[in-house]
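Taking it in order: structure first as structure tokens, then the write-up.
Protein chains get the first letters and strands the later ones, always in sequence-line order, with residue 1 at the start of each.
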Protein chains: 2
Amino acid sequence: MATIGDVARVAGVSRSTASYALSGKRAITPAVRAKVEEAVRELGYTPNAGARALATSQTRVLGLLARFLEDEFAPAMLQYILGVTDEARRLGYDTLLVSEEDGVRALQRLANSRMVDGFVLLNVAERDDRLGVLREARQPGVLVGLPERTSGVDVFDLDFVATGRLMVDRMHELGHHELILVSQPEHVVERGGAYVWRLANAARERAAQLGIGLHTYFGSSSQPSIGQDLNGFLDAHPTATGLLLNNEAAAAALPSVLAARGLRIPEDISVIGRYSDDFARTFSLPFSSIDSAADELGRAAVQQLVARIEGRIAAGAPNIVHLISPEIHERGSTAAPREILDQSG
Amino acid sequence: MATIGDVARVAGVSRSTASYALSGKRAITPAVRAKVEEAVRELGYTPNAGARALATSQTRVLGLLARFLEDEFAPAMLQYILGVTDEARRLGYDTLLVSEEDGVRALQRLANSRMVDGFVLLNVAERDDRLGVLREARQPGVLVGLPERTSGVDVFDLDFVATGRLMVDRMHELGHHELILVSQPEHVVERGGAYVWRLANAARERAAQLGIGLHTYFGSSSQPSIGQDLNGFLDAHPTATGLLLNNEAAAAALPSVLAARGLRIPEDISVIGRYSDDFARTFSLPFSSIDSAADELGRAAVQQLVARIEGRIAAGAPNIVHLISPEIHERGSTAAPREILDQSG
DNA sequence: CTGAAAGCGCTTACAG
DNA sequence: CTGAAAGCGCTTACAG
């Protein structure tokens, strides 16, 4: 493999001149620059990443720490991951993806071995044990997911409080008085999936303000149990006219559950979901829903991280918490409840 | 950050002794080894990855080149990716995930900069333009996905020929005479998704041998078009009694399509799918199906790659093509066709 | 505008 | 069994 020494020799200049000609960090005679560039082409020269990292203390690699919870639907993570890797590459960085169980060890390994210039943590828990290590690492870090304490890190997430409120508000505007919220499995919450109860609490609070009855449940993450869950919830609250879903499996199972019960959407029951539009398209989830904004969150997180790495953000600058506002993507699964229609009809 | 020099100083030995004590590459007095280990703990020493890579020409990083086709369901890729990253970590390697559009450039960049010790290519096309670069790279490479030419690389894939045959055979055993096969969108095939036509051709051939009528179609990748597609296929072949699905979106849309037509499974129509069991569980895909074996393929590929990297496979040893045999995971969506039942009843 | 040299932090023959 | 030294391939002050 060609080295910078080979380039220098072929171009007839010193190694430092070759290096500067390529980095542009000092003025170079155009003729010399041209000779160096020609040599690079001729030899197919690419700098050795390890040598460069050793000399500059920069790797141009980001560490991406994924975290998979039992009963959480893993493939949904890919959209965050691709947002991160694509944006990183656009900014000149590669991405080391770490999926190992023990995120703390992984973080220590990457930080201490100086394999990466910064970290993106995915699926951050309320009290995420990775954060202590991250705050002590020399590399900056950015989170996708809102923890209890945000000092020392930049945070990006969907605004789950606003999401819970929005779901209830929309139903309220339509005239609904009794709703059922189906969340992810309780396991997910126990393992630190704070977004689940953050959405649920906000919904509950808003419902109380508006005088709406809201029944909140955890649902299973797969068939056939989620189907049984849904039937149970509907049996328990026969007068509920709206369903809020923060659970992909529930959204997938609901159409056949409602069909079996002879309920039509939105005539008999209104539904609002919270999941990725991509899943909605491929898996025929026919409900108006709030998108996870995974790609957008991943990209924004990387932009902030790279700005910190490259010193474009003052070291003392305060950390940011950026929450994306939820928007309902309409698919026609909401309407006024039947009681209202009957009165007006 | 502590260096090996710091460790040596604290332990009161030379740098080479410290290095050998940690690598175990030469005999060390137990007492010396203990002192070095103590120093490592005290200082929290971790070797600098760049320096080590420079000295050894080994990075202990694998390059994972993903490839996303328009109209192919991206999240399905995550299961391959996690198989790779988990197995790599188990064997002591980290994984650089590359998702950029131009896989050839990415491969050249990683190979020439010596950022990785080997490559895993995902979703390999029939004539994959990455293979030329890979064959010339100094690092070994392994493919998940079977290309036309396999020289110089190790290959792992589900046996799609056997899959096509198995689907038809199973239907034949049950007494079906007329089947419909719904494949992924034509786009996927055009972009090199050879597995689509490999399965379809094998199914067609077997059907011809057995005297079964097989109607093959490309289906859309999302709603509502896939629902229209399915209705169109069923309208065109009202006497068909079995459906073979090589298309996730079709599997997700089918239940409601059949319900609307008043068809029951398996009484009125038998169905066999080909998709991941994980999707089946979460998205309520209620059909007997052949799993993609994504995790297994990713792991097997990494094991082979690491064996080559570490020289446990002779340089001249022939390359392997490992095809996993398909198995039908029963979910009760197949039965004898109604005509047969009627005759026997 | 260019070159010779030091240094980044490791590993590993070479000597003893 | 241990140490002094060279070398991996870069970048970047330091001189000129």
Does a sphere of radius 6.0 Å around CZ in A/R127 hold more than 12 heavy atoms from other residues, nucleotides or ligands, not counting ones at 6.0 Å or beyond?
no
Within residues 18-43 of chain A, which residues have any heavy atom lying less than 4.0 Å from an atom of DNA chain C?
A/R26, A/A27, A/I28, A/T29, A/V32
A/R41/A/E38 ion pair, N-O < 4.0 Å
yes
State whether the number of non-hydrogen atoms from other residues, nucleotides or ligands found under 6.0 Å of B/R26 atom CZ is greater than 12.
yes
B/T56 or B/V13, whichever maps to the more 5' nucleotide of DNA chain D:
B/V13
Is there a Watson-Crick or G-U wobble partner for D/dA15 with both distances under 3.5 Å, and which nucleotide is it?
C/dT2
Can you work out whether B/A51 or B/S16 has the more 5'-proximal nearest nucleotide on DNA chain C?
B/A51
Does anyone know the first and last nucleotide of DNA chain C in reach of chain A, 5' to 3', at under 4.0 angstrom to a heavy atom?
C/dC1 to C/dG9
Charged N-O contact under 4.0 Å between A/R9 and A/D6:
yes
Assess the side chains of A/Q79 and A/S276: does a donor N or O sit below 3.5 Å from an acceptor N or O?
yes
Using modelled atom types only, decide if a donor and an acceptor are shared between the side chain of B/R114 and the backbone of A/N48 within a distance under 3.5 Å.
no
Using the salt bridge (charged side-chain N to carboxylate O under 4.0 Å, His left out) rule, take B/R308 and B/D154 through it: C-alpha gap first, then chi angles, then the decisive distance, then the call.
CA-CA 10 Å; B/R308 286 215 183 261; B/D154 296 313; 2.5 Å; yes
A/A194: partners by side chain to side chain contact (heavy atoms under 4.5 Å, CB included), with sequence neighbours left out
A/E126, A/W197, A/R198
